[in-house]
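First the proteins, then the strands, lettered A, B, ... as listed; each starts at 1.
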Protein chains: 2
Amino acid sequence: MAVAQVRDVAKKAGVSPATVSNALNHPEKVSAATLARVQAAIDDLGYIRNDAARQLRAGSNPAVGMIVLDAANPYFTDVAQGAEQHLAELRRPLLLGNSAQREDREATYLDLFEQQRVAGILIAPVGNVLPRLRRVRDRGTAVVIIDRNAGADEFSSVSVDDKQGGRLAADHLLSQGARRIAVIGGPGGLRQVQHRLRGAQQRIQQSPEASVEFLETDAMDTESGRRSTESLLARPLHERPDALFATNDLVALGCLQALAHHRVRVPEDIMLLGYDDIAFAASATIPITSVRQPSARMGLQAAELLRLATEDPQAAVQHTVFQPELIVRESTSRE
Amino acid sequence: MAVAQVRDVAKKAGVSPATVSNALNHPEKVSAATLARVQAAIDDLGYIRNDAARQLRAGSNPAVGMIVLDAANPYFTDVAQGAEQHLAELRRPLLLGNSAQREDREATYLDLFEQQRVAGILIAPVGNVLPRLRRVRDRGTAVVIIDRNAGADEFSSVSVDDKQGGRLAADHLLSQGARRIAVIGGPGGLRQVQHRLRGAQQRIQQSPEASVEFLETDAMDTESGRRSTESLLARPLHERPDALFATNDLVALGCLQALAHHRVRVPEDIMLLGYDDIAFAASATIPITSVRQPSARMGLQAAELLRLATEDPQAAVQHTVFQPELIVRESTSRE
DNA sequence: CTGAAAGCGCTTACAG
DNA sequence: CTGAAAGCGCTTACAG
């Protein structure tokens with residue numbers, strides 16, 4: 001069975017294709033009687049508009065593309081959900097791409113979104129995509145950067161003060177008596193990791209009796225946390241840290257698993273602190289202290305900044321910086 | 001700055017638009033020298049193909065659409081990841097839609113995918129979408145159903161034997177001494193819920209001393225599990241169940257939170273068993289016994305069945321049914 | 001309010 | 001191996 005087209009609908013309704021199009025896109029231009037006949041013909045034939053043709057002629061695609069660092073991380077599903085909710089109100093579909101922290105995948109999704117001429121792109125960048133994003137914007141696509149203030153002067157962005165998050169984490173661990181802190185996460189090139197680490201370092205350096213080291217990982221998943229922790233536990237006892245600061249909660253959960261496996265007590269022997277405050281941090285074997293980011297609100301605000309940028313390409317660039325919040329739980333509470 | 005088009009590339013390379021198109025789509029038809037000039041022109045101008053035009057003319061969209069019941073559930077992110085991996089090898093982008101168990105959202109994504117004339121659709125259905133899926137297929141779009149054997153005769157499908165899963169769960173709880181079992185999940189119209197419940201009921205009815213009740217929820221998230229459990233704990237002690245079978249792990253985590261909040265001991269006072277075996281089940285406050293589904297493999301197989309269906313629309317319908325596996329943990333181990 | 005004509009940017013036969 | 005012409009299915013001015 002051939003797929004119905006505008007001309008089939010037009011013939012059935014006894015009008016021209018132009019009128020069918022108007023009934024669909026500008027119903028106020030069409031008389032009520034005609035509208036009803038067109039609608040009936042559409043229902044009869046099961047007509048479904050061909051988006052490629054519409055888009056080609058109309059010259060624009062309402063959809064918005066989004067690229068996240070890890071689609072399996074509840075933090076990013078929350079951000080995406082916030083963005084999707086706001087975009088749905090604007091009648092804009094969200095196309096979600098997962099870079100999995102890999103530059104090649106990031107580039108593939110950027111290709112795809114550009115080829116589709118999406119109206120806008122929301123991106124949590126992995127690689128140095130700024131030059132590319134500039135070209136994207138110059139071709140007329142709005143861009144908003146999530147979770148990064150690099151490129152801050154050129155693109156609107158939504159982020160969290162990650163240095164402050166690192167400071168909060170370190171400050172809390174020190175106040176609980178930690179003296180040897182290991183920061184676990186990576187890759188080190190990722191802006192978020194750098195800032196969380198630097199914030200922690202800055203705070204720890206103010207305490208002469210405390211020290212900090214950085215264990216870099218390839219990824220930010222549970223497996224990475226487990227492996228890093230295993231390597232720490234392979235050391236002689238007196239060279240082990242007394243606190244772990246994982247740069248996200250998935251890594252923290254991995255750390256917790258390795259610690260439990262080796263019967264290291266948390267927090268008595270080693271304290272553990274995560275980042276993002278995903279729902280599972282609170283439900284963990286030992287509930288995990290974590291630095292909360294307002295994930296859904298960040299997604300919503302990113303979508304809003306994108307709306308502003310698409311509606312007025314000349315509009316001033318805007319940066320929304322949220323403040324992180326420390327949520328204290330058992331994994332760092334020694335008394 | 002205007003966006004570069006084929007004709008601009010052609011002019012710059014000193015060839016015709018047709019040759020540019022051939023260089024892009026059928027490089028074997030073009031001489032090496034011409035290919036190099038075209039490529040140089042493309043790079044120079046930063047040309048990006050307009051997918052809408054390509055698709056309109058070529059008459060097909062390589063992309064595949066997927067609709068899941070809950071994009072925030074790690075089970076579905078795992079399934080999606082499996083599918084995406086296989087589709088990537090076939091050079092097919094995956095467009096992911098989240099129905100959030102809502103029929104209106106499911107319909108919206110089906111609209112979107114149909115308008116985009118995707119090559120295929122992978123769907124875990126919420127509502128009664130079979131009539132619609134029939135029309136979709138009749139228009140030439142391949143369809144594979146995930147996680148449902150309803151409609152089994154018409155569409156290829158990938159599923160797990162959920163009745164068996166329910167039986168495994170009930171059998172284990174009974175063997176651990178449970179006598180009053182509450183099944184928590186919903187909505188009751190969802191095929192997975194029905195089968196898991198029915199499997200459990202069948203097994204429990206074989207034990208005259210045991211009873212089962214069903215607490216239906218609106219959704220399958222943590223909040224639903226928490227609320228249902230609260231209502232159970234509001235009962236007099238002797239009317240409480242001694243075991244909870246949550247129809248997925250998110251619900252189970254919610255149950256666990258409510259139980260902990262009321263200082264009910266797990267498994268001593270009430271046992272808890274979940275479904276899906278998401279990674280977080282093992283890391284929970286009390287590690288949760290769960291029925292495992294091979295999520296990534298299911299996604300991969302769904303993509304493979306879709307490939308078969310797109311390559312030969314006349315190909316026979318195929319059903320892959322995986323067997324569930326019980327993973328026993330602390331939440332049900334009374335000794 | 002309605003319709004005839006043109007054209008969005010590409011690719012596909014086809015002729016050379 | 002290369003190019004001129006046609007056309008994919010829509011929507012947009014424009015004329016009536």
Side-chain angles (χ1 to χ4, degrees), chain A residues 1-39 41-42 45-62 111-112 114-119 139-141, chain B residues 1-39 41-42 45-62 111-112 114-119 139-141:
Chain A
M1 185 182 89
V3 173
Q5 300 180 183
V6 172
R7 63 161 172 263
D8 304 317
V9 174
K11 195 178 296 176
K12 184 131 195 163
V15 297
S16 75
T19 298
V20 173
S21 176
N22 277 330
L24 248 31
N25 302 298
H26 309 284
E28 73 285 359
K29 290 187 178 176
V30 177
S31 73
T34 309
L35 208 54
R37 284 215 317 284
V38 170
Q39 191 55 54
I42 287 175
L45 297 170
Y47 168 72
I48 307 251
R49 182 175 67 189
N50 182 323
D51 232 21
R54 202 213 105 262
Q55 214 168 278
L56 176 58
R57 178 62 238 241
S60 75
N61 180 351
D111 288 345
L112 181 69
E114 283 204 78
Q115 286 169 192
Q116 305 210 153
R117 303 290 193 266
V118 295
R139 286 196 202 93
T141 302
Chain B
M1 187 181 88
V3 173
Q5 301 181 182
V6 171
R7 64 160 172 264
D8 304 317
V9 174
K11 195 177 294 175
K12 184 131 195 163
V15 296
S16 76
T19 298
V20 173
S21 176
N22 278 329
L24 247 31
N25 302 299
H26 309 283
E28 74 284 359
K29 291 187 176 177
V30 177
S31 74
T34 308
L35 209 54
R37 285 216 315 283
V38 170
Q39 192 54 57
I42 286 175
L45 297 170
Y47 168 72
I48 307 252
R49 182 174 68 190
N50 182 323
D51 231 21
R54 201 212 106 264
Q55 213 166 279
L56 176 59
R57 179 61 237 241
S60 75
N61 181 351
D111 288 345
L112 181 69
E114 282 203 79
Q115 286 169 191
Q116 303 209 155
R117 303 291 193 267
V118 295
R139 285 196 204 94
T141 302

Yes or no on side-chain contact (heavy atoms from CB on, under 4.5 Å) for A:V30 and A:V38, after CA distance, side-chain angles and deciding distance? CA-CA 10 Å; A:V30 177; A:V38 170; 5.8 Å; no
Look at the side chain of A:R139 and the backbone N and O of B:G46, then say whether any donor-acceptor pair between them is shorter than 3.5 Å. yes
Does the A:R37 side chain pair with the main chain of A:A13, one donor and one acceptor, at a distance under 3.5 Å? yes
Dot-bracket pairing map - DNA chain C, Watson-Crick plus G-U, both contacts under 3.5 Å, | cross-strand: |||.||||||||.|||
Evaluate side-chain contact (heavy atoms from CB on, under 4.5 Å) for B:N50 paired with B:V3, printing each intermediate quantity in order. CA-CA 10 Å; B:N50 182 323; B:V3 173; over 6 Å; no
OP1 or OP2 of D:dC1 less than 4.0 angstrom from a side-chain nitrogen or oxygen of B:T34, does that happen here? no
After noting the C-alpha distance and the side-chain angles of B:R7 and B:V20, does the key distance pass the side-chain contact (heavy atoms from CB on, under 4.5 Å) rule? CA-CA 8 Å; B:R7 64 160 172 264; B:V20 173; over 6 Å; no
Quick one: what's the B/S/- string for nucleotides 3-11 of chain D, heavy-atom cutoff under 4.0 Å, read 5' to 3'? BB-BBBBBB
I need the B:T141 OG1 to B:E114 CD distance, nearest 0.5 Å. 6.5 Å
Using a strict threshold of under 4.0 Å (side-chain N to carboxylate O), is an ion pair present between A:D8 and A:K11? no
So, using side-chain contact (heavy atoms from CB on, under 4.5 Å) as the criterion, who are the partners of B:A119 when residues are at least two apart? B:R92
